[in-house]
Amino acid sequence: MRTEVEMAKLIYSAIASLDGYIEDRQAKFDWAAPDDEVLALVNDLERPIGTYLYGRRMYETMVFWEAASTDDDQPAGTRDFAEIWRAADKIVYSRTLQTASSERTRMERDFDPARIRSLKASSSRDITIGGAELAGQAIAAGLVDECHLFLCPVLVGGGKRALPDDVFVPLELLTERRFQGGVIHLHYALRA
Amino acid sequence: MGKIILSENVSLDGVVQDPTGEEGFKLGGWFLQIGDKDREEWAKIEFAGALNAEALLLGRRSDEFFGERWLSRSGEWADRLNSMPKYVVSSTLQEPKWSNATVLTGDVVAEVSKLKRALGGDIVVYGSVQLAHTLIEHDLVDELRLMIYPVALGAGERLFGETSDKKQLRLIDAQAVGDNLAYLTYELVRESQ
């Protein structure tokens, strides 16, 4: 149980190549698709989350899960992911997207650090943020408390970076874990 | 066949520039910002790597950087590093800074390929970012050892540059080192494998 004085944590998670890209120069990320073992941890990390903060592009990618099948013929991991996704609240930051195409989703025009701080103070559950641009803004504003980086065993040579340019972030390693398929999970606290 | 191993200290976002701050990079010095326990554990791993290596392969700047650093030191680790055979890749260098070093002046890819055929054990590369880029691009690297520091810098010269194609890796080992370092070891997978 969270006490009144404890703020919710804002958490950034990303699956990236070892050279730090979440998508390659062709804007693809098929090589980042989690296997069952990684997906199981992703689900465990997402399950307690109350709200997802999204930039437009990330939302447009993730909204797939609103309508994704949760029939028994789907693998258990993806079924869980879809159910967990649908149960969370979403806030989408966009000046161009007017309406949401998913339940439990509201739109905001501007990313306002003060409002994020209020959200953290008033939330009883932790909050996640993605994709990289929005998370980068939040990191620069000192709002992000923790980061989960899943590093895939591949160098893609270019593309969109997981971590923001020109932001210096001291870290504290909380956990490190390797997966059978060669993915590494690094969990850091962002130090003030 | 010798095995080329890149053994690098990097920030979480892959920056290798100015680890000790002496180059004047505004974000430099990150290598020094770890606690004593982490440093001790780091040293054990680096020393073991040096003991297992047959030779070092370096770029010109790294020969100078490490030579200056280690020649004045004593102790087992310094003795090991200073006495090891070293190969410095440079088209301009006349006299290497570090001890027991040979300059390789020809085409980098040809020289390093020749070196791999000539030696049988681990050929370890420290620093040498420009050389590392060339070796990765030409599929001459066999193993990658990354010591990841608890910081994202957001700018600076990176270990991994633009490559012409994706490079597949196989994770060999991963461990936390001390409290805050993450040490990852990968094998580079070649097409034929």
Side-chain angles (χ1 to χ4, degrees), chain A residues 12 14 16-26 28-32 38 132 135-136 139-140 144 147-191, chain B residues 6 8 10-16 25-30 33-35 38 132-133 136-137 139 141 144-156 158-189:
Chain A
Y12 172 48
S17 63
L18 183 61
D19 49 348
Y21 298 100
I22 52 170
E23 62 181 50
D24 61 28
R25 279 190 296 248
Q26 286 72 44
K28 298 181 77 170
F29 45 89
D30 49 316
W31 42 265
V38 173
I139 291 170
V144 176
C147 166
H148 293 271
L149 258 198
F150 291 85
L151 297 176
C152 301
V154 66
L155 302 174
V156 300
K160 181 188 284 193
R161 289 197 182 281
L163 294 170
D165 286 338
D166 303 316
V167 186
F168 178 83
V169 193
L171 301 162
E172 190 191 320
L173 182 66
L174 300 175
T175 57
E176 163 273 327
R177 176 180 160 182
R178 68 179 289 188
F179 290 83
Q180 294 277 44
V183 169
I184 292 288
H185 171 233
L186 298 176
H187 180 200
Y188 289 95
L190 276 67
R191 294 191 287 119
Chain B
L6 292 191
E8 303 284 351
V10 297
S11 71
L12 181 61
D13 54 344
V15 177
V16 288
F25 175 46
K26 68 176 195 259
L27 303 170
W30 49 271
Q33 285 150 23
I34 60 170
D38 289 4
H133 287 183
I136 291 173
E137 179 61 20
D139 296 314
V141 177
L144 189 57
R145 295 176 187 164
L146 293 185
M147 187 70 73
I148 301 178
Y149 282 65
V151 64
L153 299 182
R158 288 182 155 96
L159 175 62
F160 299 118
E162 302 241 328
T163 51
S164 54
D165 55 9
K166 290 190 181 58
K167 307 290 179 189
Q168 195 56 49
L169 306 166
R170 190 177 70 82
L171 180 70
I172 299 173
D173 196 28
Q175 55 177 294
V177 174
D179 292 328
N180 279 300
L181 298 170
Y183 185 52
L184 309 180
T185 306
Y186 294 87
E187 183 180 31
L188 273 85
V189 176

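Scope of the values below: all heavy atoms of this structure, side chains included, with no hydrogens, waters or symmetry mates. Residue numbers begin at 1 in each chain, while the letters A, B, ... track the order of the sequences.
- Closest of all the heavy-atom pairs between B:A174 and A:I184 is CB-CD1, 3.2 Å.
- Contact of A:V167 with chain B is made through the backbone alone, with heavy-atom distances under 4.5 Å.
- Annotation for B:T163 and A:R25: closest pair O-NH2, 2.7 Å, computed over non-hydrogen atoms.
- Closest heavy-atom contact between B:A152 and A:L163: CB-CD1, 4.0 Å.
- Of the atoms belonging to B:L181, it is backbone heavy atoms, and not side-chain ones, that fall under 4.5 Å from chain A.
- At a threshold of 4.5 Å between non-hydrogen side-chain atoms, the residues B:L171 and A:R178 count as touching.
- When heavy atoms are compared at a cutoff of 4.5 Å, A:Y188 approaches chain B solely by way of its side chain, counted from C-beta outward.
- Contact annotation for B:Q175: only backbone heavy atoms (N, CA, C, O) come within less than 4.5 Å of a heavy atom of chain A.
- Your options are A:C152, A:A162, A:G136, A:G182, and the one with the most heavy-atom pairs under 4.5 Å with chain B is A:G182.
- Contacts between B:I172 and chain A at a heavy-atom distance below 4.5 Å involve the backbone alone (N, CA, C, O).
- From A:E176, atom CD reaches atom CD1 of B:I148 across 9.5 Å, with rounding to the nearest 0.5 Å.
- Atoms CG and CG, from A:D24 and B:D165 in turn, are 12.0 Å apart once rounded to the nearest 0.5 Å.
- Interface remark: A:L149 contributes side-chain atoms only to the contact with chain B (heavy atom separation under 4.5 Å).
- Taking NZ from A:K28 and NZ from B:K166, the interatomic distance works out to 7.5 Å, rounded to the nearest 0.5 Å.
- Remark: A:F150 CZ is packed, more than 12 non-hydrogen atoms of other residues, nucleotides or ligands lying under 6.0 Å away.
- Counting heavy atoms from C-beta outward, A:L18 and B:L144 have side chains that approach closer than 4.5 Å.
- Taking chain A as the reference chain and counting heavy-atom pairs below 4.5 Å, the highest number among B:G154, B:G14, B:S11 is found for B:G154.
- A distance of 9.0 Å separates CG in A:L155 from OH in B:Y186, rounded to the nearest 0.5 Å.
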Stepwise side chain to side chain contact (heavy atoms under 4.5 Å, CB included) test for B:D179 and A:E172: CA-CA 8 Å; B:D179 292 328; A:E172 190 191 320; over 6 Å; no
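- Heavy-atom pairs under 4.5 Å with chain A peak, among B:Q168, B:K167, B:Q33, B:E137, at B:K167.
- Shown here are the side-chain hydrogen bond (donor to acceptor under 3.5 Å, both in side chains) partners of A:R177, two or more places apart in sequence or in another chain: there are none.
- If you take CG on B:L153 and CG on A:D166, they are separated by 11.0 Å, rounding to the nearest 0.5 Å.
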